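Everything on this sheet refers to the single structure shown next.
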Amino acid sequence: MAELDLIEFSRSLVADVQATADAEATTTPEAFTRRVFEDLEQGGVVSNTFTAYHKAHGHEVHGYGIGESGESLDLFVTDFQLAPLESKLTKAQTETAFRRLLTFVQRCRDGLQQHIDESFDVYDMCAAVEKALTDVRRIRLFLLSNRVGTSTEVPAAHFDGLPVTHEVWDLARLHRHATSGTLGEPIAVAFDPPLACVSAPSSEEGHSVVLAVVPGQMLAELYSEYGTRLLELNVRSFLQARGAVNRGIRDTLLHAPGRFLAYNNGITATASQVDFVTGPNGEPTHVSGVHGLQIVNGGQTTASLHYAQSRDKADLSQVRVQMKLTEVSPDRLAEIVPRISEYSNTQNRVTRVDFSSNHDYHVEFQRITRSLWAPATDGSGQETHWFYERARGQYTDELAKARTPARRRQFQKLNPPKKKFKKEDLAKFVHSWHQMPYLVSRAAQKNFVEFMLRLEEAPPRVDVQYCQRVIAMAILFKSVDHIAAIHGAGSHKSLITTYTVARLSRATDRRIDLDRIWREQGVSAALEAAIHDLCPRVIRAVTNPLEGTHVGEWAKKVTCWDAVSRVRWDAPAALEAELLDHPLDEAALAGGTGADEGAGEEVALVPAEEWYAIERWAKETRNLEPWQRQLAQFVGRRLELEQEVPETQAVQALHVRSEALRLGFNPGP
C-alpha cells in the first residue's frame, strides 16, 4: 500500500468523523464506530449492530450486534485518535482492549443489567448480551481503530464453552477495503502441519492443480467460521441429509469415520494463491497455506462434516477428505470456476439451472427479497417473506439453522413454505406474463436457459418495485393454477396455467395492476371471475392440437400460442374498470425506486417522535427485542438530525414499526 495513500485516507477519515460528530452532537469515537458499522454491514461482515458505550473498572465496550443467523454475538471496542499517525496500536493495547471486552461479557452474564438504569442504551445492550449467551454458538470480538496495529492476529479463546475469535479492524485494514471496494475478505487458511500433495502443473497459463488430503475436523471448523462464505462460488447450498448421498455421508461419519476417505468423493476447491513447501528438486511436496479459498464442489460434504460435529457430536479425528485444489488467477475465476463445478460434480446431479446461481440478477433478487416484507392481509398483522431460493437447498438449510422446534416454527411462520420459489419458477412466472407460454411448456431447464439468454440481452433494473411485481406475477400464476385445477385441467394443468396467464396478459395488454396484487397479496374478485371465464376456453384450445400431435408437444410450439391468441375473449367490464390506463411494459417493470431509496424514503415519512415513542412504549411494555428498541431510537435520532437512515437499518426499522403496531403500539393523532 502506498504510504501517501494511507496518510491521505487517515486525514480524510478523521475529518469526516469530526464533521459527523459535530452534526450529530455526539463524540468522535461514537461517530467513528457508527461509520465502521455501516461499512461492515454493507460488506456482510456483521448485521444488527448498535452503538452503546459503557466503561467501568475492568471493562469497556462501544457496541454490539447479533449475527443475522442468530449464531454469533458480536461485541465492539473502539480506539479512535485525532492524530492516529503519531502512534501505533501496540500488541499490548490490542490484548488489553479484547480482555476488557471479554470482561464485559462476563459481567453481563453475572447480571450487570440489574445495575444499569433502564433509560440508558447500555441497559438494552446488557439485556441483549445476557440473552444471546444462551442462544449463540460463538462470540466475535472486534477492535475498531484508526491507528495502524502492530499485531493484528490474536489467538482464539473460549468463554463458557463458546469459541471466541478476535478481529482487528485497524487503519490499514479499513484503507485496504475502502480502496478495493469490498469488505468480503478472501478466506486465507494456513495448514499446520502442511498437507502432503501431488502437483500436476497445467500446460495452460492461469491455473494449476494439486491433490491433497484434508483433515475432516479442519473442514468442519472452516464451515463453522465462514459458513456459506466458503461456498460463494459454489452452484448450490447444502442440500441437507434428506437425499441418499447426504444420508450416506452422515452415516459414514457416525459409524465408519475411518472409511470416509474411501467412500466419499471429496471436495473440489479453488484458491487465488497456494503456498507450497518444495522438495530438493524444487517440486511442490506440501501445501502450507491458501489464499482466497472457495469450495466449488463438495459443499454438501463440508456442511455435513460441520453438522455431524455440532449436532451429532461426531468424532472427526479419524476423518480425512480428499481435495482437488486448483490455483486460479483472479482474472480467470469467472471463466474457469463454473466449468470446474459442472465437470467435477458426481455426488448429486447439478442441473444447468444451478450454474446461474451466482449471476448478478439472482444475487440481487435474493438480497432484496430477504428483507422484503409482504403485507399482512389475513388480519393477523404478521408480515412474511417470499423466500427466493437462488441455490437449491437454501430454504432447508436456513430451516436447519433453527435448532429448536419453536425456532423452526417461527422461521416457517415468517417464511411460509407456500411462498418459497426457485429460479425455474421465477422464469416461469415472468415468461408467462410476457406471453411466451410455449417456452414455459418446454420444461423448467429449457425455459430457464431461454430466460437467462433474454436476461443478458436486456437486463432489468432489479430493485424493490421490480421484485414486488415479479412476486405479483407469482401470485397471479398460482391463482390461475388453482382455478385451472377447479376446471379439470388434470395432467395438463401446468400447460393450461401458463397459457391462461399469457392469454390474460394479452387480452388486457398487460394493464393488470401488479402493484395492487402485491399490496393485497392476491387477485381481486373481478380478476378471479375473469380467470374462471377464460380458463375453460384455453383448456379447449390447448387440449385440441391442430397439428395431429399430442398435447405436450403441441404446447411447445409457437403455433399453439397463435391458436390460443385467436381464442375470442375480451376482459369483462368489471375487470376492465380496474385495469391501468397504460400497459406495464418492459420499461415499467424495470423502473421504480431502488432498494436503497425505497426503504429509506418510507422510514423518513414516519416522524422522529413516533420512532422515539416506539422505543418508550417497547421499554414500558417489555415488547420487542432490546436491539429493536435501540433501532427505533437510532432512526429517530437520524431523522431528527435530518440525516438519511442506511438502507439495512431502514428495512429492519420498518419491520420493527409493523411489529410494534401489531403488538398494540398506538402512534396517536
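The shown structure was predicted, so the numbers you read here are calculated from the model rather than taken from an experiment. The figures here come from the full heavy-atom set of this structure, side chains too, leaving out hydrogens, waters and symmetry mates.
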Kindly write out the residues that satisfy side-chain contact (heavy atoms from CB on, under 4.5 Å) with Ala484, not counting sequence neighbours, or none if the list is empty.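 In terms of side-chain contact (heavy atoms from CB on, under 4.5 Å), with neighbours along the sequence ignored, Ala484 is linked to Ala489, Lys493, Ile496, Thr497, Cys535.
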Test side chain to side chain donor-acceptor pair (under 3.5 Å) on Arg454 and His434 and set out the steps. CA-CA 12 Å; Arg454 284 166 170 74; His434 288 294; over 6 Å; no
Looking at [atom1] of [X] and [atom2] of [Y], how far apart are the two atoms once the value is rounded to the nearest 0.5 Å?
{"X": "Lys413", "Y": "Glu383", "atom1": "NZ", "atom2": "CD", "value": "12.5 Å"}
{"X": "Tyr438", "Y": "His431", "atom1": "OH", "atom2": "NE2", "value": "8.5 Å"}
{"X": "Thr49", "Y": "Asp74", "atom1": "OG1", "atom2": "CG", "value": "8.5 Å"}
{"X": "Thr508", "Y": "Arg511", "atom1": "OG1", "atom2": "CZ", "value": "7.0 Å"}
{"X": "Glu609", "Y": "Arg616", "atom1": "CD", "atom2": "CZ", "value": "4.5 Å"}
{"X": "Leu476", "Y": "Leu514", "atom1": "CG", "atom2": "CG", "value": "7.5 Å"}

Using salt bridge (charged side-chain N to carboxylate O under 4.0 Å, His left out), reason through Glu520 and Arg516 one step at a time and then give a plain yes or no. CA-CA 6 Å; Glu520 298 177 356; Arg516 175 179 176 178; 3.0 Å; yes
State, yes or no, whether a side-chain contact exists between [X] and [Y] at a heavy-atom distance under 4.5 Å.
{"X": "Gln633", "Y": "Phe50", "result": "no"}
{"X": "Asp515", "Y": "Arg469", "result": "yes"}
{"X": "Lys423", "Y": "Glu389", "result": "no"}
{"X": "Lys422", "Y": "Arg390", "result": "no"}
{"X": "Leu624", "Y": "Ile614", "result": "yes"}
{"X": "Cys560", "Y": "Lys556", "result": "no"}
{"X": "Ile475", "Y": "Lys478", "result": "no"}
{"X": "His385", "Y": "Asn415", "result": "yes"}

Does the ring center of Phe76 lie less than 6.0 Å from the ring center of Phe37?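 For Phe76 and Phe37, the ring centres are under 6.0 Å apart.
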Using the test side-chain hydrogen bond (donor to acceptor under 3.5 Å, both in side chains), find all partners of Thr369 that sit at least two apart in sequence or belong to another chain.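 In terms of side-chain hydrogen bond (donor to acceptor under 3.5 Å, both in side chains), with neighbours along the sequence ignored, Thr369 is linked to no residue.
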Ser524: what forms a side-chain hydrogen bond (donor to acceptor under 3.5 Å, both in side chains) with it, not counting sequence neighbours?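 Residues passing side-chain hydrogen bond (donor to acceptor under 3.5 Å, both in side chains) with Ser524: Glu578.
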Can you run down the ring-ring contact (aromatic ring centres under 6.0 Å, His included) pairs that involve residues 486-535, sequence neighbours left out, and say none if there aren't any?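 Qualifying pairs: His487-His532.
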Between [Y] and [X], is the closest basic N to carboxylate O distance under 4.0 Å?
{"X": "Arg407", "Y": "Asp135", "value": "yes"}
{"X": "Lys428", "Y": "Asp425", "value": "yes"}
{"X": "Arg637", "Y": "Glu640", "value": "no"}

What heavy-atom pair brings Ala541 and Trp554 nearest, and what distance separates the two atoms?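 Looking at all heavy atoms of both residues, the closest pair is O-NE1, 3.5 Å.
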Please report the closest heavy-atom contact between Ala604 and Leu639, naming both atoms and the distance.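 That would be CA-CD2, 3.9 Å.
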List the steps and the verdict of side-chain contact (heavy atoms from CB on, under 4.5 Å) for Val606 and Arg657. CA-CA 10 Å; Val606 181; Arg657 181 173 180 268; 3.7 Å; yes
Please evaluate residues Tyr361 and Val462 with respect to the criterion side-chain contact (heavy atoms from CB on, under 4.5 Å), reporting the C-alpha separation (whole Å), side-chain torsions for both, the decisive distance (0.1 Å), and the verdict. CA-CA 7 Å; Tyr361 172 92; Val462 182; 3.5 Å; yes
Has the side chain of Lys419 got a donor or acceptor atom that lies under 3.5 Å from a matching backbone atom of Phe387?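 Not at all, since once roles are kept as given, no pair shorter than 3.5 Å links the two residues.
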Do side-chain atoms of Arg510 reach the backbone of Trp433 as a donor and acceptor pair under 3.5 angstrom?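 No.
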Please lay out, stage by stage, how Arg629 and Lys619 fare under the test side-chain contact (heavy atoms from CB on, under 4.5 Å). CA-CA 7 Å; Arg629 300 198 294 266; Lys619 281 189 174 182; 3.6 Å; yes
Pair up each side-chain donor or acceptor in residues 565-574 with any protein partner under 3.5 Å, not counting sequence neighbours, and list the distances.
unit_1	atom_1	unit_2	atom_2	d
Ser565	OG	Trp561	O	2.7
Arg566	NH1	Asp562	O	3.4
Trp569	NE1	Asp533	OD2	2.7

Evaluation steps, side-chain contact (heavy atoms from CB on, under 4.5 Å), between Leu495 and Ser441: CA-CA 6 Å; Leu495 308 177; Ser441 300; 3.6 Å; yes
Does a donor on one side chain sit under 3.5 Å from an acceptor on the other, for [X] and [Y]?
{"X": "Gln468", "Y": "Trp386", "result": "no"}
{"X": "Gln412", "Y": "Tyr395", "result": "no"}
{"X": "Gln394", "Y": "Gln366", "result": "yes"}

Check the pair His359, Phe451 against ring-ring contact (aromatic ring centres under 6.0 Å, His included), reporting the backbone distance first and the verdict last. CA-CA 13 Å; His359 190 283; Phe451 175 76; 9.2 Å; no
Could you pull out all residues at least two apart from Tyr612 that satisfy ring-ring contact (aromatic ring centres under 6.0 Å, His included)?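 None.
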Go through Glu364 and Tyr466 one step at a time and tell me if the side chain to side chain donor-acceptor pair (under 3.5 Å) criterion holds. CA-CA 11 Å; Glu364 189 65 8; Tyr466 176 85; over 6 Å; no
Which class fits the ring pair Tyr388 and Phe421: parallel under 30°, tilted 30 to 60°, perpendicular over 60°?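 Answer is tilted, since the angle falls between 30° and 60°.
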